[in-house]
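Structure first, then comments.
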Amino acid sequence: MKKTVITLATGALLAGLAFAGSAFAQDYPTKPITVVVPFSAGGPTDTVARLVAEVMSKDLGQQVVVQNVGGAGGTLGAGQVATAPNDGYTLLLHHIGMSTAPTLYRSLPYDPTKDFAPIGLITSVPMTLVARKDFEPTTLAELMDYIKANGENVTYAHAGIGSASQLCGMLLMDALDTQMTTVPYQGAGPAMTDIIGGQIDMICDQSTNTTSQIKAGEVKAYGVTTPERLANLPDLPTTKEGGLDLEIGVWHGLYAPAGTDAAIITKLETALQAALADETVISRFAELGTVPVTADQATPAALAETLTSQIALWKGVIEKAGVYAD
Ligand code: ASP
């Protein structure tokens, strides 16, 4: 008898909590939402986040504020969101690094598949090989010869272990069977500033960060890492055309901390889809050489599937390269 009373009381308590949770989700959002970008301001991930956040703000009726938490190849910012309250007010916009970190980092303080609730894929962005404008080689063939001949005398910038620029550099060195001197930054934004300033030789980075600099003649461009040329940079050959076996595209996803109410995730998913269908976002993405995903990909299921398959894919590549961080 006593036991039954306790069970009923517990049931009532749980029902009350569930009601409070759904009422909370119904009103959501009632205050600004923070989207953590785990790289510096002014870089390619930041660019994608700011474009998308602006339209999501309109859809959600609350400000969506981008916060840059750079460092350790994106793992600092991701770790911060993994332990944030799961109330829908702290989100993470991260790229391919979400899938490489579990293999690259021996002591990663979070599990990308368990500590986050996926909201949706956002876009996939090509990578481009660029260098300071007075760098000696002018074609991709010359660049490959130059790197092979000069090895560690060539300085290569990247945004930390697990960043897209680091992965691309790792694939480049693997393809050329040589080593360059790698210089880590908290994001590709500041790395680009140093390439334009001539302090660093080169980087492989997303077209969202390099297109304007290439068009303005601020950097020398050698190739794009996609199977086809880009509509916004039609004169830039693909790496394959230039005889370099290097293909990599960067995808982005939006996440909440694990355990976030399903109704909140649905509201965020809808707002994300609205942002990706927005004419201004589409045309700005096109100028930067990137295509937003279709609505059926901007979903929790599609992001969860991509994350799982990319973790498996990169595990093989990273173990082969033998590059790890502590
Ligand atoms: N996209 C850069 C990278 O992974 C980081 C950034 O967005 O700043 O190399």
Side-chain angles (χ1 to χ4, degrees), residues 39-48 50-51 70 95 125-160 163-173 175-176 178 180-226 228-244 246-250 284-290:
F39 296 105
S40 313
T45 314
D46 183 66
T47 299
V48 168
R50 285 176 197 275
L51 276 170
H95 65 17
V125 189
M127 304 284 285
T128 50
L129 277 164
V130 300
R132 59 184 164 82
K133 61 176 178 233
D134 54 355
F135 200 40
E136 209 171 292
T138 50
T139 64
L140 183 56
E142 285 175 21
L143 177 72
M144 291 192 286
D145 287 344
Y146 188 90
I147 295 173
K148 279 192 224 162
N150 292 281
E152 287 180 354
N153 289 325
V154 179
T155 49
Y156 179 92
H158 66 70
S163 65
S165 43
Q166 183 260 332
L167 296 169
C168 189
M170 184 178 86
L171 297 176
L172 177 62
M173 289 187 273
L176 301 180
T178 187
M180 295 182 274
T181 298
T182 55
V183 183
Y185 288 77
Q186 292 204 346
M192 181 56 84
T193 305
D194 279 2
I195 287 172
I196 292 170
Q199 286 96 332
I200 291 275
D201 291 331
M202 62 172 296
I203 191 170
C204 172
D205 196 30
Q206 285 134 278
S207 60
T208 26
N209 198 30
T210 58
T211 295
S212 321
Q213 321 300 346
I214 295 171
K215 287 193 167 164
E218 295 282 3
V219 294
K220 236 178 210 181
Y222 299 95
V224 58
T225 65
T226 42
E228 306 293 334
R229 287 191 182 204
L230 301 181
N232 69 326
L233 293 168
D235 298 334
L236 189 63
T238 66
T239 39
K240 200 168 175 189
E241 279 175 64
L244 175 63
L246 195 174
E247 220 178 274
I248 177 173
V250 176
R284 187 69 190 123
F285 273 164
E287 281 166 19
L288 298 173
T290 182

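Scope of the values below: all heavy atoms of this structure, side chains included, with no hydrogens, waters or symmetry mates.
The two residues A157 and I203 make their nearest non-hydrogen contact at O-CG1, 3.2 Å. Across all their heavy atoms, S165 and D205 have their closest contact at CB-OD1, 4.4 Å. G289 and L230 make their closest contact through O-CD2, 4.2 Å (heavy atoms, listed as atom of the first residue, atom of the second, distance). The shortest non-hydrogen separation linking R229 to T238 is N-CG2, 3.5 Å. The two atoms that bring P190 and A41 nearest to each other are CD-O, 4.5 Å, heavy atoms only. Scanning both residues, Y222 and A131, for their nearest heavy atoms gives CE1-CB, 3.6 Å.
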One pair to check against side-chain contact (heavy atoms from CB on, under 4.5 Å): K215 and L233. What are the steps and the verdict? CA-CA 8 Å; K215 287 193 167 164; L233 293 168; 4.0 Å; yes
Derivation of the side-chain contact (heavy atoms from CB on, under 4.5 Å) call for V130 and Q213: CA-CA 9 Å; V130 300; Q213 321 300 346; over 6 Å; no
Take T210 and T128, measure what side chain to side chain donor-acceptor pair (under 3.5 Å) needs, and give me the verdict at the end. CA-CA 7 Å; T210 58; T128 50; 2.7 Å; yes
Apply the test side-chain contact (heavy atoms from CB on, under 4.5 Å) to residues M180 and L172: give CA-CA distance (whole Å), side-chain angles for both, the deciding distance (0.1 Å), then the verdict. CA-CA 10 Å; M180 295 182 274; L172 177 62; 3.7 Å; yes
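T225 places a side-chain N or O within 3.5 Å of a backbone atom of M127 that can act as its donor or acceptor partner.
Annotation: side chain of Y185 is in contact with side chain of D194 (closest heavy-atom distance under 4.5 Å). Side-chain contact between V125 and P44 is absent, with no heavy atoms from C-beta onward closer than 4.5 Å. Considering only heavy atoms from C-beta on, K220 stays 4.5 Å or farther from L143 through its side chain. Under the 4.5 Å side-chain criterion, counting only non-hydrogen atoms from C-beta, M192 is in contact with V219. Side-chain atoms of I195 and E218, non-hydrogen and from C-beta on, never get closer than 4.5 Å to each other. The side-chain heavy atoms of L129 and T239, taken from C-beta on, include a pair separated by under 4.5 Å. At a threshold of 4.5 Å between non-hydrogen side-chain atoms, the residues V154 and M202 count as touching. Counting heavy atoms from C-beta outward, P237 and L140 have side chains that stay 4.5 Å or more apart.
Classified by interplanar angle (parallel below 30°, tilted 30° to 60°, perpendicular above 60°), the ring pair Y146/F135 is perpendicular.
Separation of atoms CD (Q206) and OG1 (T290) is listed at 9.0 Å; rounding is to 0.5 Å. With values rounded to the nearest 0.5 angstrom, S163 atom OG is found 12.0 Å from Q186 atom CD. Separation of atoms CG (L176) and CG (L244) is listed at 6.0 Å; rounding is to 0.5 Å. Here the straight-line distance linking atom CD of E241 with atom CD of E228 works out to 9.0 Å at 0.5 Å rounding. Interatomic distance, H95 NE2 to F39 CZ, rounded to the nearest 0.5 Å: 3.5 Å. Atom-to-atom distance recorded for N153:CG and I147:CD1 is 12.5 Å, nearest 0.5 angstrom.
Among residues two or more places apart in sequence or in another chain, the side-chain hydrogen bond (donor to acceptor under 3.5 Å, both in side chains) test is passed with E287 by R284. Here H158 pairs with nothing under the ring pair (Phe, Tyr, Trp, His ring centres under 6.0 Å) rule; sequence neighbours left out.
A donor and an acceptor atom, one from each side chain of T211 and N232, are located under 3.5 Å apart.
Other residues, nucleotides and ligands contribute only 12 or fewer heavy atoms inside 6.0 Å of the CD atom of E136.
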